[in-house]
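Heavy atoms only: backbone and side chains are in, while hydrogens, waters and symmetry mates are out. Throughout, protein chains are lettered first and strands after them, A, B, ... in sequence-line order, and every chain is numbered starting at 1.
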2 protein chains.
Amino acid sequence: MDIKVAVFEDNKSLRQGLYQLINGSDGFECVGAFEDCMNLIKDIEDTKPKVVLMDIEMPGINGIEAVNILRQKFPELKILMQTIFEDSDKIFKSILAGASGYILKTTSPSRILDFIKETCEGGAPMSPSVATKVLKIVTQQSPFLKVNSFNLSEREKEILSCLVKGMSYKLIADSCFISIDTVRGHIRSIYEKLHVHSKGEAIATAIKSNII
Amino acid sequence: MDIKVAVFEDNKSLRQGLYQLINGSDGFECVGAFEDCMNLIKDIEDTKPKVVLMDIEMPGINGIEAVNILRQKFPELKILMQTIFEDSDKIFKSILAGASGYILKTTSPSRILDFIKETCEGGAPMSPSVATKVLKIVTQQSPFLKVNSFNLSEREKEILSCLVKGMSYKLIADSCFISIDTVRGHIRSIYEKLHVHSKGEAIATAIKSNII
DNA sequence: CAAATAATAGCATGAATATGCTATTCCCGG
DNA sequence: CCGGGAATAGCATATTCATGCTATTATTTG
């Protein structure tokens, strides 16, 4: 079965180029190439694509808004965003809107087909330079840049992760095959190393510091 | 100039395979293939690679810890993580630690070389399935969707955030100017709404769900 | 080898927590 | 104006936790 693709792209020659690239390739079928999102819902309903190739920069309804609309109406639809700019903000907004992947327009035709295929299979293809931006977003957003500076032993990490799961001393003792007093002992050490004095604080610190 | 690559991989045949793949390809040079990270710093200082291919799962110092160490000592070094598992948590930790890219071991040899090249050029190559996980992490941890899906009242959220800070009932009572029994009352309701039965679980749920 | 550390285990005790009840007041929507 | 939820408050009690001690064994390391 061919992968049905719909293209939304305002630039005429690009649009036609993509149409021909997709239709001219085995395993792919371009069921529609539209210049704007004015009839977005209807276009999709009529052509029933599996994957949409969406330009981010478009007059009228822009690509990001379009993704938001499509996500609600057609949750199954995969959306591959395409852009000329490596703009962190647009990438971020596209991701939040629910785009499956994000590639640059400088991507070669054969790679574009690969990407469409990967999108269809549930992957999230991204141009490496886009991925760099995404990683930056992840690390910047995470207030937890400190990873295990607490020097916990393996056993202590194990016990701590049990605490995070909400287990009582008794349960931890049973699941780790040690006595409850040993559990106490480990938790003592954990508290010292984390500089806390209660289960709650330990759990909060553990999760926030990503040491679980 | 060839791209100098160092490999850290505990599996012998994989390690040798990578060594030969890299050395046998134009534009690449494998300056070292190590089975563990025991002499991590020295190995890098001696071989001066531009890119490191690092296995995540390794005995002794694991890949993620290794990345942390390398980031500090050699900020310029690019690190490409390799793993058999698509484990969100490990991917996330690798990213936080500062890995440049993340690929699966099922990646074909020619793609591995592409990925090394892209890493060297500042990109962040990822296997599409890994990228899917990363996108999920981004959307999940975005303070964007900080929706109160548990339907906690304002007061309850306030009490809950006190719990997360590690405060005792007594302290919460004082800081909120209510009696300790009222605190108990609120915490009862919180437990019901979060479907938990202990302070620890409540804190874990609160932090993980971003409802604080 | 001696010192240090991790993991194990025990005991005791005061403090904190979880949960079973009940009850009053205020405010909001039907 | 009545019912219901939210915030307040109280009491009782069993369970769990935090932390004060000590002690053995194995492994690591200087």
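- Among residue pairs with one or both ends in residues 24-39 of chain B, none qualify as side-chain hydrogen bond (donor to acceptor under 3.5 Å, both in side chains); sequence neighbours excluded.
- As rounded to whole Å, 12 Å separates atom P of C:dT8 from atom CZ of A:Phe177.
- Atom pair A:Ile159:CD1 and D:dA18:P shows a separation of 13 Å (rounding to whole Å applied).
- Counting heavy atoms from C-beta on, the side chains of B:Val5 and B:Val31 never come closer than 4.5 Å.
- Put simply, NE2 on B:His197 is 6 Å from P on C:dT19, counting in whole angstrom units.
- Here A:Ser189 lies out of heavy-atom contact (under 4.0 Å) with every strand.
- Within 4.0 Å of A:Thr182, counting heavy atoms only, lies at least one base atom of the nucleic acid.
- Summarising the geometry, the separation between CG on B:Leu160 and P on C:dT17 is reported as 14 Å, rounded to the nearest angstrom.
- Atom CD1 of A:Ile187 is separated from atom P of D:dG20 by 15 Å (rounded to the nearest Å).
- Listed pair A:Arg184 / D:dT16 fails the phosphate criterion, with no side-chain N or O lying under 4.0 Å from OP1 or OP2.
- Regarding A:Asp181, its CG atom lies at a distance of 16 Å from the P atom of D:dT24, rounded to whole Å.
- The side chain of A:Tyr191 contributes no N or O atom lying less than 4.0 Å from OP1 or OP2 of D:dT19.
- At the phosphate of C:dT5, neither OP1 nor OP2 sits under 4.0 Å from any side-chain N or O atom of A:Ser153.
- Taking the side chain as every heavy atom from C-beta outward, B:Leu18 and B:Cys30 never approach each other to under 4.5 Å.
- At whole-Å resolution of the value, NZ in A:Lys199 and P in C:dA16 are 15 Å apart.
- Across the protein-nucleic acid pair, A:Ile178 atom CD1 and C:dA9 atom C1' stand 10 Å apart, rounded to whole Å.
- Salt-bridge check for B:Asp181 with B:Arg184: passed, with a basic side-chain N closer than 4.0 Å to an acidic carboxylate O.
- Here B:His186 does not reach the OP1 or OP2 of D:dA6: none of its side-chain N or O atoms lies under 4.0 Å away.
- Summarising the local packing, NZ of A:Lys193 is surrounded by more than 12 heavy atoms from other residues, nucleotides or ligands at distances under 6.0 Å.
- Closest to the A:Arg188 side chain, of the nucleotides D:dT19, D:dA18, C:dC21, is D:dT19.
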